[in-house]
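One structure is given below, encoded as structure tokens.
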Amino acid sequence: MTLADFEQMMDRCVRCSKCKFLDGILVKSKKYSQVCPSIQMYNLHAYSGGGRVIMANALYKGRIGFSDEMLDALYKCTNCGACEVTCKMYYDIEPNEIISEFRATAVESGVAPMPKHKKYIELVDRVHNPYGEEAEKRQAWLPKDVDVDEASQTLYFVGCTAAYRRQEIAEATARILNAAHEPFAILGSDESCCGSPVYRVGDRKRAIDIMKQNVERFKQQGIKRIVTSCSGCYNMLKVEYPRFVDFDFEVVHISQLIEKLLAKGKLKLANPVPLKVTYHDPCHLGRMSEPYEKWEGKLVEVLALVYMHDPPKPIRTGARGEYDAPRNVLRQIPGIELVEMERIREYAYCCGAGAGVKAAYPDFALSTAQNRLEEAESTGAQALVSCCPFCSTNFRDGIRERGSPLEFYDLTELVARSIGGGE
Ligand code: SF4
Ligand code: SF4
């Protein structure tokens, strides 16, 4: 796709600013009524979903050119998709998809991505992870007493962040699979970045190359099912890969698999974990993991600026993301009490780290994490739980910076603790 495919959508943006806030009926307090971390931080329309749609449209129509100010607004966005959900309460406009195309256009024009992004993309090219770590160390997290079955058709795709930065999540995931007698393979030093950090900043061509190489590797290994413990990897494999490359693998997030294993009685949560927790929906497991259904109909103008889709187009509202599996698992851990924040499920507020923001604008990432931590603290929970190594890193940084009394756990850590293998 290109910006041209979104022209009518861009024309239809009425500048109502609904993409900045929860819909009125969903607001529980003024304090937590905003959904867009970017407009909350920078407070200028250009830093909102709608503002970026207007800029993209003006650029597409040749009325303005790229400028440093425009690129600043374009890249201070976590691609969290909250604007897309709230806009859809009223209109069929996809601000987040338009932002992705806008970034891809900027990269194709040679003015983007940002220097910090270029630096990590070079590392992905060279050592297949954005952290610049050696490929040989990619499975350093793997404890000697964990069983890996290289012949298994189920692959645990560890991902760069769990492999190098949040190894406790990789270890907990492997121990859970072992405890349930679910055989799994890993790619070890042959595993490569899923492409998310490259794709999200608009380097589409390079991201598609990474997708093709990964698919080839999965085929060579005889993989049929891919399990991820990272919401970013899950989103790429489940939603983005099928949009760009031939992809015929089942993709499962570990929270979904644990829920199934518990239902089958293959996993027993015996040890109590006495903790009052609140759950943060990762954007890429929640609203962004709803499949993007291809639609190839036509738009019929029935009145000036009023169009109908012929045939009707599936509307991606975010409601079909994964919200229940992590909560159902948490509720089955003895001793856990789950309390909810005000903004949850498809209306959840972002952790602040995604789409190159943590690398290029760390202060913005931290500030967003602190907004979310304040909301989590207000529930009276002792701990914040999520399902993504990238959320984990940003929230742990935010907790330290803020001096927050909250502990942070990935869901896999609590499950591993309850089955007796995570202390
Ligand atoms: S993107 Fe949607 S919600 Fe935002 S200003 Fe435009 S029409 Fe309104
Ligand atoms: S994707 Fe998220 S951060 Fe970016 S404009 Fe939309 S709501 Fe704001």
Side-chain angles (χ1 to χ4, degrees), residues 3 6-24 26 32-58 70-104 106 196 199-202 231-232 235 239 280-284 286-290 292 305-307 315-318 321 343 346-358 360-361 363-369 371-372 390-391 394:
L3 278 179
F6 292 97
E7 187 181 6
Q8 275 142 328
M9 268 192 200
M10 296 192 290
D11 283 345
R12 278 187 281 125
C13 170
V14 292
R15 308 185 186 197
C16 64
S17 288
K18 290 190 187 301
C19 48
K20 299 171 187 168
F21 302 98
L22 282 176
D23 190 60
L26 299 163
Y32 302 121
S33 60
Q34 300 201 42
V35 292
C36 171
S38 180
I39 194 72
Q40 183 161 2
M41 177 85 174
Y42 299 104
N43 201 22
L44 183 71
H45 191 60
Y47 291 79
S48 69
R52 294 178 178 104
V53 167
I54 292 168
M55 284 192 293
N57 202 11
M70 181 197 276
L71 292 171
D72 191 70
L74 178 57
Y75 279 94
K76 283 179 175 167
C77 160
T78 57
N79 248 201
C80 70
C83 51
E84 200 148 304
V85 169
T86 49
C87 179
K88 291 256 181 53
M89 299 281 287
Y90 295 88
Y91 314 103
D92 173 36
I93 297 177
E94 299 172 345
N96 197 35
E97 286 296 313
I98 293 167
I99 292 166
S100 293
E101 287 308 326
F102 193 179
R103 288 184 174 189
S196 174
Y199 175 72
R200 298 277 165 220
V201 297
S231 296
N235 178 268
V239 180
H280 167 79
D281 292 284
C283 307
H284 287 147
R287 55 185 166 245
M288 297 281 284
S289 81
E290 184 170 317
Y292 195 93
L305 286 184
V306 178
Y307 296 89
I315 306 287
R316 195 183 183 215
T317 61
R343 294 169 291 186
E346 66 264 44
Y347 307 106
Y349 191 77
C350 175
C351 81
V357 165
K358 182 83 175 160
Y361 310 106
D363 292 348
F364 172 32
L366 261 187
S367 160
T368 305
N371 290 339
R372 187 60 162 164
F390 216 51
C391 294
N394 205 37

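All ligand and atom numbering here is 1-based and tracks the order in the structure. Below, each value reflects all heavy atoms present in this structure, side chains not excepted, and no hydrogens, waters or symmetry copies.
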When you measure from the side chain of Arg103 to the backbone of Tyr199, do you find a donor-acceptor pair of N or O atoms at a distance under 3.5 Å? no
Using a distance-only test with no angle check, is there a side-chain donor-acceptor pair under 3.5 angstrom linking Tyr47 and Asp72? yes
I want to check something: taking the side chain as every heavy atom from C-beta on, are [X] and [Y] in contact at a cut-off of under 4.5 Å?
{"X": "Arg316", "Y": "Val239", "result": "yes"}
{"X": "Arg12", "Y": "Tyr307", "result": "yes"}
{"X": "His280", "Y": "Arg372", "result": "yes"}

Side chain to side chain donor-acceptor pair (under 3.5 Å) filter on Ser17, not counting sequence neighbours, yields Lys20
Output the list of atoms in ligand 1 that are nearer than 4.0 Å to some heavy atom of [X], sorted by atom number.
{"X": "Ile93", "answer": "7 (S)"}
{"X": "Arg15", "answer": "5 (S)"}
{"X": "Ser17", "answer": "5 (S), 8 (Fe)"}
{"X": "Tyr91", "answer": "7 (S)"}

Using a distance threshold of 2.8 Å, what protein N/O/S atoms lie below it relative to atom 2 (Fe) of ligand 2? Cys80 SG
Starting from atom 1 (S) of ligand 1, what is the nearest protein heavy atom, named by residue and atom, and what distance separates them? Gly50 CA, 3.7 Å
Closest to atom 8 (Fe) of ligand 1 among protein heavy atoms sits Cys16 SG, 2.4 Å
Atom 8 (Fe) of ligand 1 and Cys87: any N/O/S contact shorter than 2.8 Å? no
Best match, Gly51, Cys19, Cys13: closest heavy atom to atom 3 (S) of ligand 1: Cys19
Could you check whether Arg343 makes a cation-pi contact with Tyr349, meaning its NZ or CZ is under 6.0 Å from the centre of the six-membered ring and within 45° of the ring axis? yes
Could you pull out the closest heavy-atom pair between Cys19 and Val35, with the gap in Å? O-CG2, 3.6 Å
Using 0.5 Å steps for rounding, measure from the CZ atom of Phe102 to the CG atom of Leu71. 7.5 Å
Check: Tyr42 ring centroid to Phe364 ring centroid under 6.0 Å: yes
Backbone, side chain, both or neither: what part of Arg52 comes under 4.0 angstrom of ligand 2, heavy atoms only? side chain
